[in-house]
Amino acid sequence: MFKKLSDLEHLIKKNKVTKTLVLAVSQDAHSLNAVYKAFKEGIIVPILIGDQALTREIIAEKGYCFDGVTFVDEPDYEKCVELAVRMVHEKKADILMKGKVATPILLKAVLNKEWGLRTGTLLSHFALFEVDTYHKLMAITDVAMNIAPNLKDKIAIINNSVAYLNKMGIVKPKVAVLGAIEMVNESMQATMDAALLSKMNQRDQIKNCIIDGPLAFDNAVSFESAKEKNINSSVAGDTDLLLMPDIEVGNVLYKTLVFFAKAKVASVILGAEAPIVLTSRSDSEESKYNSILLAVLG
Ligand code: COD
């Protein structure tokens, strides 16, 4: 089982995996640093699409050597994103990565009906955290794509994440469906959905995982907290995946973990034709690099 995000790198190197990654709107120093590191490690072969003059300026400043790498000059953000998405759609690249462009612009292109990366399932964001105060890696979903998922969306979001965790070797991930409280309250939709998801899991309508909820954050991540409240759950305190009620809660938790708890993170969009590295502009170079690793593993 993975305890640290650096375990992803060990596994990829052991399996000698190299993937082609297209960086959309490449004139972004943080993304280029992470891409260069992965390139030097032999993990990816990049294609850099963006304003070539600005991109080369950053590369020259850093003293990076991208010899042999394809550069495509397209200064217009939307055209640039379209070119990158099409490249993945046409299987000329294995991974799409967001550079210096707003998330909705990239996601709208990914969802384009003609040349986008839809597969017929819901696309969702998956973030994998390494927090010093937790005993293993913990995934959190969805903090960046689906704004207010309904029950059907939540099933798809769980399925996307569970499939990825299964790929990482976690055979039956423990999924905590978060609420503000651990009791079902008919005025709180998140707790109602949580109860339904748990029952659907018990009846094998959602497979390859163990779901429990509603759980409040404290009892989802702390066995002692759960015990104090007499919560009898095999998930409480040992959660592999936290399902968020909506994007606001998810995004605030993500940023709280990063900024206050100094957590390390890797994140990707799942459910598309290929993994998409979609970190936020405030994410560190390390988290962008970790996200590339996570995408390579997919
Ligand atoms: N998976 C598959 N198809 C989808 C999804 C999805 N997650 N979301 C929308 N669609 C399809 C719909 O079925 C429809 O066919 C089409 O796409 C358009 O749907 P809309 O009108 O609901 O969606 P858009 O295009 O207005 O917006 C989609 C976004 C993903 C851009 C939107 O949901 C969004 O802005 N999400 C939050 C992104 C964000 O700001 N994240 C930053 C956090 S740091």
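Atoms within a ligand are numbered from 1 in the order they appear, just like the ligands themselves. When a residue number appears, it is its place in the shown sequence, counting from 1.
A salt bridge does not link Lys79 to Glu74: none of the charged side-chain nitrogens sits closer than 4.0 Å to a carboxylate oxygen. In summary, Glu82 and Arg86 engage in a salt bridge, as defined by a charged side-chain N under 4.0 Å from a carboxylate O. Electrostatic pairing of Lys288 and Asp283 does not count as a salt bridge here, judged by no charged N lying under 4.0 Å from a carboxylate O. Salt bridge Lys262/Asp132: absent, no basic N to carboxylate O contact under 4.0 Å.
Annotation: salt bridge (Lys or Arg N to Asp or Glu O under 4.0 Å) contacts involving residues 246-255, sequence neighbours excluded, are absent.
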Kindly print each ligand 1 N/O atom paired with any protein N/O atom under 3.5 angstrom away, one pair per line, or none if nothing qualifies.
{"from": "ligand 1", "atom 1": "1 (N)", "to": "Leu123", "atom 2": "N", "distance (Å)": "2.8"}
{"from": "ligand 1", "atom 1": "7 (N)", "to": "Leu123", "atom 2": "O", "distance (Å)": "2.9"}
{"from": "ligand 1", "atom 1": "7 (N)", "to": "Asn146", "atom 2": "OD1", "distance (Å)": "2.9"}
{"from": "ligand 1", "atom 1": "15 (O)", "to": "Arg118", "atom 2": "NH2", "distance (Å)": "3.1"}
{"from": "ligand 1", "atom 1": "17 (O)", "to": "Arg118", "atom 2": "NH2", "distance (Å)": "3.0"}
{"from": "ligand 1", "atom 1": "26 (O)", "to": "Lys108", "atom 2": "NZ", "distance (Å)": "3.3"}
{"from": "ligand 1", "atom 1": "36 (N)", "to": "Met145", "atom 2": "O", "distance (Å)": "2.9"}
{"from": "ligand 1", "atom 1": "41 (N)", "to": "Ala144", "atom 2": "O", "distance (Å)": "2.9"}

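Here the closest heavy-atom approach between residue Ser161 and residue Leu241 is recorded as CB-CD2, 3.6 Å.
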